[in-house]
Amino acid sequence: MLNEKKIPLGKGQLEAIAAEYPTPFILYDEKAIRENARRFYKAFSWVEGFKNHFAVKACPNPAILNILLEEGMGVDCSSLPELLLSEKVGFEGEEIVFTSNDTPAEEFSAAARLGAVINLDDIGHIETLEKSAGIPELISFRYNPGDARTGNVLIGEPQEAKYGVTRDQIVDAYRAMQAKGAKRFGLHTMVASNELESTYFVETARMLFELAVQIRQECGISMELLNMGGGIGIPYRPEDEAVDLNYVSAGMQDLYRRIIAPAGLDPLKIVFECGRLVTGPYGYLVSRVRHVARKYKDYIGLDACMANLMRPGIYGAYHHITVPGREDQRAEKIYDVTGSLCENNDKFAVDRALPAVEAGDLLVIHDAGAHGYAMGFNYNGKLRSAELLLKVDGSVQQIRRAETIDDYFATMRFPGAPVNI
Ligand SMILES: *Cc1c(COP(=O)(O)O)cnc(C)c1O
């Protein structure tokens with residue numbers, strides 16, 4: 001097994017936590033998040049001013065964002081609430097990248113007020129930005145290479161994507177900003193999601209390096225910031241191999257020496273916007289078996305559902321599942337692992353081999369630390385779960401309480417609405 005899927009707590013410890021905070025909950029491992037952040041930064045230590053701007057959408061919890069701030073990360077925001085959340089946590093100025101699309105004017109104003117790096121998704125947004133916030137000194141564009149690159153299953157082919165400035169538009173986009181008085185320039189792309197092929201990211205660097213040189217040649221702009229986007233995958237399956245960050249870094253460094261340095265663009269700051277890689281493997285959805293049912297197939301019914309983690313339901317994504325206390329037992333049974341939503345795709349796993357389980361057992365769904373809680377919803381009256389942090393000292397802190405019925409009613413306006421809301 002290439003990566004061992006193991007929660008850093010035994011069954012007894014999990015039961016003790018569940019006695020205080022009822023299941024389901026997501027538990028994040030602070031120590032592992034910090035160690036992983038340090039590995040990431042160490043791999044790119046040759047880059048002057050290297051930063052990962054954590055994609056807030058992957059895990060929008062202030063306690064987690066604060067850990068990442070302490071580890072030297074910035075943030076990548078795509079909406080006003082994400083900008084305000086980042087501001088509250090203490091991110092400032094160019095630590096914040098604002099990569100949005102179909103952006104409302106007031107969000108540009110907020111990003112400009114914070115001094116964030118504004119990353120424009122479209123040539124047409126230049127006008128919206130100018131009207132709402134003026135022309136900033138530093139501007140970045142999101143580049144969409146179209147058929148010059150192939151995408152992957154999650155994000156789709158670049159020429160089908162709604163994002164970014166095209167090959168034909170990109171040089172003109174910089175010229176336009178230059179003419180309007182921008183002085184500093186960045187270039188961004190995001191062409192893959194959950195990609196596990198290490199060479200893919202080296203090729204993305206090559207694409208941006210070559211484009212930076214071309215833009216220099218065509219309009220004399222010295223790019224100062226290259227943003228490789230996010231999309232570095234994680235090994236959801238035990239047999240998957242993680243992206244080798246040292247390999248990616250070495251490949252990028254080699255291209256940097258061959259393309260960037262001779263063009264006189266050195267030093268060029270290189271950053272990422274990874275979310276999944278940063279917290280994905282270090283969050284666990286802990287749930288309890290409500291029922292084991294035998295129909296045409298065998299079902300495990302959990303107290304968690306798609307509202308807690310919708311990736312398996314919407315993408316058919318694999319998430320590893322273990323049964324605390326039964327890790328060493330043979331996976332002798334085949335189950336569909338379901339939630340209680342009235343949707344037949346509310347399944348965490350289909351035809352999964354697991355040890356025989358019974359009602360009351362705990363189940364751990366792995367790799368729920370990114371795009372997990374964050375994608376939750378209230379469909380079918382489901383309430384979102386709590387988020388807990390396993391701290392470095394071994395204590396557990398609740399960093400978001402579970403929703404209550406009052407939360408469910410909070411926005412409804414009708415004569416019989418509960419009072420005090
Ligand atoms: C979603 C997103 C990210 C983060 O993607 P991960 O797969 O979590 O690394 C980064 N940048 C942009 C523009 C995104 O939309």
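The first residue in the sequence is number 1, and the count goes up from there.
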A.B. asks: Between the side chains of K391 and D29, is the shortest nitrogen-to-carboxylate-oxygen separation below 4.0 Å, so that they form an ion pair?
C.D. replies: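 Judged by the 4.0 Å cut-off on N to carboxylate O distance, D29 and K391 do not form a salt bridge.
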A.B. asks: Going through the checks in order, is the salt bridge (charged side-chain N to carboxylate O under 4.0 Å, His left out) test met by K5 and D367?
C.D. replies: CA-CA 9 Å; K5 295 286 174 193; D367 302 304; 2.6 Å; yes
A.B. asks: How long is the gap from CD1 on I67 to SG on C59, to the nearest 0.5 Å?
C.D. replies: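 Output value for this atom pair is 9.0 Å.
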A.B. asks: Please check if the distance between the ring centroids of F272 and F44 is under 6.0 Å.
C.D. replies: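 Between F272 and F44, the centre distance is under 6.0 Å.
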A.B. asks: D121 side chain to G164 main-chain N or O, any donor-acceptor pair under 3.5 Å?
C.D. replies: yes
A.B. asks: Rounded to the nearest 0.5 Å, how far apart are CD1 of I96 and CD of E82?
C.D. replies: 11.5 Å
A.B. asks: If you look at every heavy atom in R276 and G233, which pair is closest and at what distance?
C.D. replies: CD-CA, 4.3 Å
A.B. asks: Where is the tightest heavy-atom contact between S109 and A133, given as atom of each residue plus distance?
C.D. replies: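 So the two residues come closest at CA-CB, 4.0 Å.
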A.B. asks: When rounded to the nearest 0.5 angstrom, what is the spacing between CG in L362 and CG in L9?
C.D. replies: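 One finds 11.0 Å between CG of L362 and CG of L9.
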A.B. asks: Determine yes or no for a side-chain-to-main-chain donor-acceptor pair under 3.5 angstrom, with D361 supplying the side chain and V289 the backbone.
C.D. replies: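 Pair absent, no side-chain N/O of D361 close to backbone of V289.
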A.B. asks: With a distance cut-off below 6.0 Å to the six-membered ring centre and an angular limit of 45° from the axis, does R384 pair with F377 as a cation-pi contact?
C.D. replies: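 Here R384 fails the 6.0 Å and 45° test against F377.
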A.B. asks: Are the ring centres of Y335 and Y299 closer than 6.0 Å?
C.D. replies: no
A.B. asks: Do D407 and R401 have side-chain heavy atoms sitting under 4.5 Å apart?
C.D. replies: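 Result yes, sub-4.5 Å side-chain heavy-atom pair found.
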A.B. asks: How far does NE2 of H53 sit from CD of E94, to the nearest 0.5 angstrom?
C.D. replies: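 Separation between the atoms: 8.5 Å.
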A.B. asks: Between N227 and L187 (side chain of the first, backbone of the second, donor and acceptor by atom type, cut-off under 3.5 Å), is there such a pair?
C.D. replies: no
A.B. asks: Salt bridge (charged side-chain N to carboxylate O under 4.0 Å, His left out) for E15 and K11? Distances and angles first, verdict last.
C.D. replies: CA-CA 6 Å; E15 285 290 7; K11 181 182 175 189; 5.2 Å; no
A.B. asks: Under the side chain to side chain contact (heavy atoms under 4.5 Å, CB included) criterion, do I118 and I139 qualify, and how do the steps go?
C.D. replies: CA-CA 6 Å; I118 296 180; I139 194 74; 4.2 Å; yes
A.B. asks: Would you say the side chain of Y163 lies within less than 4.5 Å of the side chain of M190, judging by non-hydrogen atoms?
C.D. replies: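 No; the side chains remain at least 4.5 Å from each other.
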A.B. asks: Compute whether any side-chain donor of one residue and acceptor of the other, for E387 and Y28, lie under 3.5 angstrom apart.
C.D. replies: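 There is such a pair between these side chains.
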A.B. asks: Report the distance from atom CE of M73 to atom CZ of F91, rounding to the nearest 0.5 Å.
C.D. replies: 9.5 Å
A.B. asks: With no hydrogens and no angle check, is any side-chain donor or acceptor of H319 less than 3.5 Å from a backbone partner on H366?
C.D. replies: yes
A.B. asks: Strictly by modelled atom types, are D76 and T99 linked by a side-chain donor-acceptor pair under 3.5 Å?
C.D. replies: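 Yes.
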A.B. asks: Between K31 and D393, is a salt bridge (charged side-chain N to carboxylate O under 4.0 Å, His left out) present by the stated rule, with each step listed?
C.D. replies: CA-CA 9 Å; K31 181 161 172 275; D393 67 7; over 6 Å; no
A.B. asks: Mark yes or no for whether E224, through its side chain, and F185, through its backbone, hold a donor-acceptor pair below 3.5 Å.
C.D. replies: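 Not confirmed, E224 side chain does not pair with F185 backbone.
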A.B. asks: Between D122 and R142, is there a salt bridge with N-O shorter than 4.0 Å?
C.D. replies: no
A.B. asks: Salt-bridge test for K183 and E137: reply yes if a basic N is under 4.0 Å from a carboxylate O, no otherwise.
C.D. replies: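 The answer is no: the pair does not qualify as a salt bridge.
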A.B. asks: Testing the basics here: between V56 and S86, what is the closest heavy-atom pair and its distance to 0.1 Å?
C.D. replies: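 Looks like CG2-OG, 3.7 Å.
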A.B. asks: I'd like to check K269 versus E48 (side-chain heavy atoms, cut-off strictly below 4.5 Å). Are they in contact?
C.D. replies: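 K269 does not reach E48 side chain to side chain.
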A.B. asks: Going by atom types only, do S287 and D303 share a side-chain donor-acceptor pair under 3.5 Å?
C.D. replies: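 Per modelled atom types, S287 and D303 side chains form a pair under 3.5 Å.
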A.B. asks: Which heavy atom of A304 sits nearest a heavy atom of L285, and at what distance?
C.D. replies: CB-CD2, 4.2 Å
A.B. asks: Would you say I399 and L388 make side-chain contact, with heavy atoms under 4.5 Å?
C.D. replies: no
A.B. asks: Heavy atoms only: give me the nearest A176-I126 pair and the separation to one decimal.
C.D. replies: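 Scanning both residues completely, I find the closest heavy atoms to be CB-CD1, 4.1 Å.
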A.B. asks: Answer yes if the ring centres of Y247 and F201 are under 6.0 angstrom apart, and no otherwise.
C.D. replies: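 Centroid separation for Y247 and F201: 6.0 Å or greater.
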A.B. asks: Is there a side-chain contact between F98 and V117 (heavy atoms, below 4.5 Å)?
C.D. replies: no
A.B. asks: Quick one: does M306's side chain get under 4.5 Å of F348's, heavy atoms only?
C.D. replies: no
A.B. asks: Would you find a donor on one side and an acceptor on the other, under 3.5 Å apart, between the side chain of E4 and the backbone of K6?
C.D. replies: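 Not at all, since once roles are kept as given, no pair shorter than 3.5 Å links the two residues.
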A.B. asks: Going by distance alone, is a donor N or O of one side chain under 3.5 Å from an acceptor N or O of the other, for Y373 and N308?
C.D. replies: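 There is no such pair between these side chains.
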A.B. asks: Is it true that the side chains of E30 and Y282 contain a donor and an acceptor less than 3.5 Å apart?
C.D. replies: no
A.B. asks: Donor-acceptor pairs under 3.5 angstrom involving side-chain atoms of residues 207-219: please list them, not counting sequence neighbours.
C.D. replies:
{"from": "Q214", "atom 1": "NE2", "to": "E218", "atom 2": "OE2", "distance (Å)": "2.9"}
{"from": "R216", "atom 1": "NH1", "to": "S222", "atom 2": "OG", "distance (Å)": "2.6"}

A.B. asks: Counting only N and O atoms by type, is there a donor-acceptor contact under 3.5 Å from the side chain of S132 to the main-chain atoms of E106?
C.D. replies: no
A.B. asks: Determine yes or no for a side-chain-to-main-chain donor-acceptor pair under 3.5 angstrom, with N144 supplying the side chain and V165 the backbone.
C.D. replies: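 Judged by distance alone, no pair lies under 3.5 Å.
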A.B. asks: Considering only NZ, NE, NH1 and NH2 on the basic side and carboxylate oxygens on the acidic side, decide whether E273 and K57 come within less than 4.0 Å.
C.D. replies: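 Not counted as a salt bridge, because no side-chain N and carboxylate O are separated by less than 4.0 Å.
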A.B. asks: Salt bridge or not for E87 and R113, using N-O below 4.0 Å?
C.D. replies: yes
A.B. asks: Working to the nearest 0.5 Å, report the span between CG of D346 and CG of L309.
C.D. replies: 10.5 Å
A.B. asks: Please answer whether the main-chain N or O of T103 pairs with a side-chain N or O of E107 as donor and acceptor at a distance below 3.5 Å.
C.D. replies: no
A.B. asks: Between Y236 and R311, is there a cation-pi geometry (under 6.0 Å to ring centre, at most 45° from the normal)?
C.D. replies: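 Ring-cation test returns yes.
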A.B. asks: Taking A402's backbone N and O only, do any of them form a donor-acceptor pair with S385's side chain (distance below 3.5 Å, no angle check)?
C.D. replies: no
A.B. asks: Side-chain contact test, heavy atoms from C-beta onward, threshold under 4.5 Å: evaluate it for V89 versus L68 and give yes or no.
C.D. replies: no
A.B. asks: Can you check salt bridge (charged side-chain N to carboxylate O under 4.0 Å, His left out) on K347 and D336, steps first, answer last?
C.D. replies: CA-CA 7 Å; K347 292 181 179 174; D336 279 13; 3.2 Å; yes
A.B. asks: Quick check: are there more than 12 heavy atoms from other residues, nucleotides or ligands sitting under 6.0 Å from CD of E92?
C.D. replies: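 Counting neighbours around CD of E92, 12 or fewer heavy atoms of other residues, nucleotides or ligands fall under 6.0 Å, so no.
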A.B. asks: For the residue pair W46 and S249, establish whether any side-chain heavy-atom pair is separated by less than 4.5 Å.
C.D. replies: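 Yes. Closest side-chain heavy atoms under 4.5 Å.
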A.B. asks: Any salt bridge between R38 and E71, counting N to O under 4.0 Å?
C.D. replies: yes
A.B. asks: After noting the C-alpha distance and the side-chain angles of Y408 and T404, does the key distance pass the side chain to side chain contact (heavy atoms under 4.5 Å, CB included) rule?
C.D. replies: CA-CA 7 Å; Y408 182 70; T404 63; over 6 Å; no
A.B. asks: Who are the salt bridge (Lys or Arg N to Asp or Glu O under 4.0 Å) partners of E70, not counting sequence neighbours?
C.D. replies: R34
A.B. asks: Provide the closest heavy-atom pair for A370 versus T279 in the form atom of the first, atom of the second, distance.
C.D. replies: CB-OG1, 3.6 Å
A.B. asks: Could you tell me whether D254 and R206 make a salt bridge, using a distance below 4.0 angstrom between a side-chain N and a carboxylate O?
C.D. replies: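 Not counted as a salt bridge, because no side-chain N and carboxylate O are separated by less than 4.0 Å.
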A.B. asks: Using 4.0 Å as the upper bound for N to carboxylate O, is an ion pair formed by D172 and R175?
C.D. replies: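 Yes, R175 and D172 are salt-bridged.
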